[in-house]
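Presented below is the structure to which this report refers.
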Amino acid sequence: MSNLIAIFFGMALVNNLVLVKFLGLCPFFGVSKKLGSAFSMGVAVLLVIVVASAVTWPIFHFLLIPYGAEFMRTVIFVLVIASLVQIIEMTIKRTNLTLYNALGIYLPLITTNCAVLGITFINIDQAYTFSESIIAALGAGAGFTLVLIIMSGIRERLDMADPPLAFKGTPIAFITAMFLGLCFLAFRGIIR
Amino acid sequence: MHSFTKNFLRGIIRSNPTFILLLGLCPTLAVSTSLDNAVGMSVAFTCVLLASNIIISLIRNHVPVRVRIPVFIVIIATLVTIVDLMLQGFIPALSKSLGMYIPLIVVNCIILGRAEAFASKNSTTNSIADALGIGIGFAWAMILISLIRQLLGTGKLDLFGRHLFTVPGLGDNPVAIFLLPMGAFFVIGVLLALFRWMGVSTGE
Amino acid sequence: MGTRTNGFFPVIFLTLIVFISVAALTLTDAITKDKIELAKEDEIARMLITLFPQMDGFTYDEQNDLYIPLAEQQPLGRAFIAEQSGYSGVISILVGLEPDTTLRGIRIIFQQETPGLGAKIVESFFLQQFPGLAVDDIKLTKKGGKVDAITGATTSSSAVVEGVRKAILDKLNQLGRET
């Protein structure tokens, strides 16, 4: 149990997807201008990461390894994630229109989001068990959402700030990300 | 030949993937800690982009519209895996330091973006020009960032095991924060501001 | 872009592409498989040779997960891989033992500690403290051992030291049980 907690917080805070692993940078800078959309994007990514981890783990361990086809990992995973995103999108559209209106436009973007594929690779590379993979995925998704929300909060204020002209917009967002990363550096060492 | 030059030059400065379009930043930031990594990643990236652009422009008139994205993804993923296996087999040290960022080239928005926006609509010659231009644009951005991070972060400049020179005063006390992830954010933020100050418009 | 033909063509086309992809990858895998295995062995060999400079080859004892460096077919000692969580992530260490249980030395195979602080565990001023230590001395100085921690990186230093000592004890235990 303590092991699972360590993995969760390790993924969410210490090895944060965006700030340490540099995965999912496109949505991080693209969708972090408004708090509401940042939250929706975060939840959508969390959802896809967890489902993708739950599906790719058995595929790798019960299909690819027994047939000695580990080299097919990238191709299979990327296809699985692309289909999963489609299925999730259709399911949400049919069952819950409110949720679809909130998440709908972000789902297709996630297909080429390196965060999702990255987590499925990390699960395999770290030799996580099935439950560990799910927890790692939950942690990574939670960490992603957290950082996206913090960043959008800061950026809403940044719009009103007055940085040097050359820094306005994206450059200052990168500098902000640096300070955010510095703060998260303090989490290093909480997992022994 | 006019359109070849035009398509080639476009990716290098005017629509530079890193500094102007701000696309495919994951590998640019993650592995730019040393010049070796930057060169290795740029070569791997350009090979995949070039091959994918060539193949997709060759079959562009036969791909059914409905399945074009899955087809592109399979082609790109196959190429990436080939590059990944080759690196593991022939340059293991580089493969190890680039780690999972090599297979992650698959989801690099630039490559799928070029397949969809350019190679599937243009001739093979133009697609080659486009791939080379974007590849060089990606490479110089990556090398510039890694050069700054390595010089300040280690105080030394090494390339493929050869020591080139030591920065006076930094050799013993390097600013190690440039090797940390936040160093990457800082460097690219300042570079973007610098380019804007010089009058280059970076797109949002 | 091809025109939208009848319903089955897209599916057949996609299947065809997947088949070509599988064929291409199987071929690449066949070509590179041996190379990749060799490269992995090479890496261990390169590290082993810095610990046992006179070695001219090594064997791998699969049952006990031990690397045995050899010189003219004679074993020079034993080596194995230890893993321990450091400040950020797992540190993996190659531990070399003399034929008795004293430490021949250690090499860091993989680490992702903080650059400028914890990452100094790979530097020789830290590593050269290890050769010749008895198992009980592999502790930090402030815990009664003989290894000085790196300034500002006690956690990383301690992870290496503890990882090495525990791994040696475990390994000797495991070997003792079997003989």
Side-chain angles (χ1 to χ4, degrees), chain B residues 33-34 51 55-57 59-97 99 116 119-122 149-150 152-155 170 172-183, chain C residues 1-47 87-89 92 109-120 122-123 125 150-153:
Chain B
T33 45
S34 78
I55 294 174
I56 288 166
S57 66
I59 62 168
R60 70 181 188 279
N61 293 325
H62 309 286
V63 185
V65 182
R66 266 203 301 163
V67 292
R68 69 181 194 288
I69 299 288
V71 167
F72 296 164
I73 291 180
V74 172
I75 292 173
I76 296 169
T78 311
L79 294 168
V80 168
T81 312
I82 292 175
V83 169
D84 188 21
L85 290 173
M86 292 286 180
L87 272 183
Q88 283 181 34
F90 296 97
I91 323 177
L94 187 64
S95 160
K96 203 174 169 194
S97 72
E116 164 80 353
S120 63
K121 299 189 180 80
N122 288 280
R149 289 182 72 188
Q150 195 186 4
L152 297 175
T154 66
L170 275 181
D172 298 325
N173 286 308
V175 197
I177 195 168
F178 281 98
L179 293 183
L180 289 171
M182 42 253 57
Chain C
M1 274 300 139
T3 45
R4 250 178 89 168
T5 40
N6 65 62
F8 283 116
F9 181 67
V11 181
I12 296 169
F13 190 89
L14 185 58
T15 319
L16 186 73
I17 293 283
V18 171
F19 268 112
I20 296 174
S21 150
V22 172
L25 288 183
T26 314
L27 187 71
T28 319
D29 182 59
I31 298 170
T32 52
K33 199 167 204 162
D34 298 341
K35 280 271 175 196
I36 294 175
E37 284 301 312
L38 269 180
K40 274 187 192 143
E41 267 180 32
D42 255 20
E43 198 192 346
I44 303 267
R46 258 200 311 274
M47 294 242 173
Y87 199 63
S88 54
S92 111
I109 302 175
F110 180 80
Q111 57 86 20
Q112 40 193 358
E113 302 301 286
T114 318
L117 293 169
K120 286 187 183 163
V122 302
E123 292 179 15
F125 81 89
I150 297 166
T151 317

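A, B, ... follow the sequence lines: proteins, then strands. Residue 1 opens every chain. Being a predicted model, the structure only gives us computed values, none of them experimental.
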4.5 Å side-chain heavy-atom contact, B:Arg66 and C:Val11: no

Output the distance between atom CG (C:Leu27) and atom CG (B:Leu85), rounded to the nearest 0.5 Å. 11.0 Å

For a quick test of your reading: what N or O donor-acceptor pairs under 3.5 Å do the side chains of residues 18-25 of chain C make, sequence neighbours left out?
residue: C:Ser21; atom: OG; partner: B:Thr78; partner atom: OG1; Å: 2.9

When rounded to the nearest 0.5 Å, the distance separating CD of C:Glu37 from CD of B:Gln88 is 10.5 Å

B:His62 NE2 to C:Phe9 CZ distance, which is reported to the nearest 0.5 Å: 8.5 Å

Suppose we screen for side-chain contact (heavy atoms from CB on, under 4.5 Å). Which residues come up paired with B:Met86, at least two apart in sequence or across chains? B:Ile82, B:Phe90, C:Thr28, C:Thr32

Shortest non-hydrogen pair, C:Pro10 vs B:Pro64, comes out as CA-CG, 3.6 Å

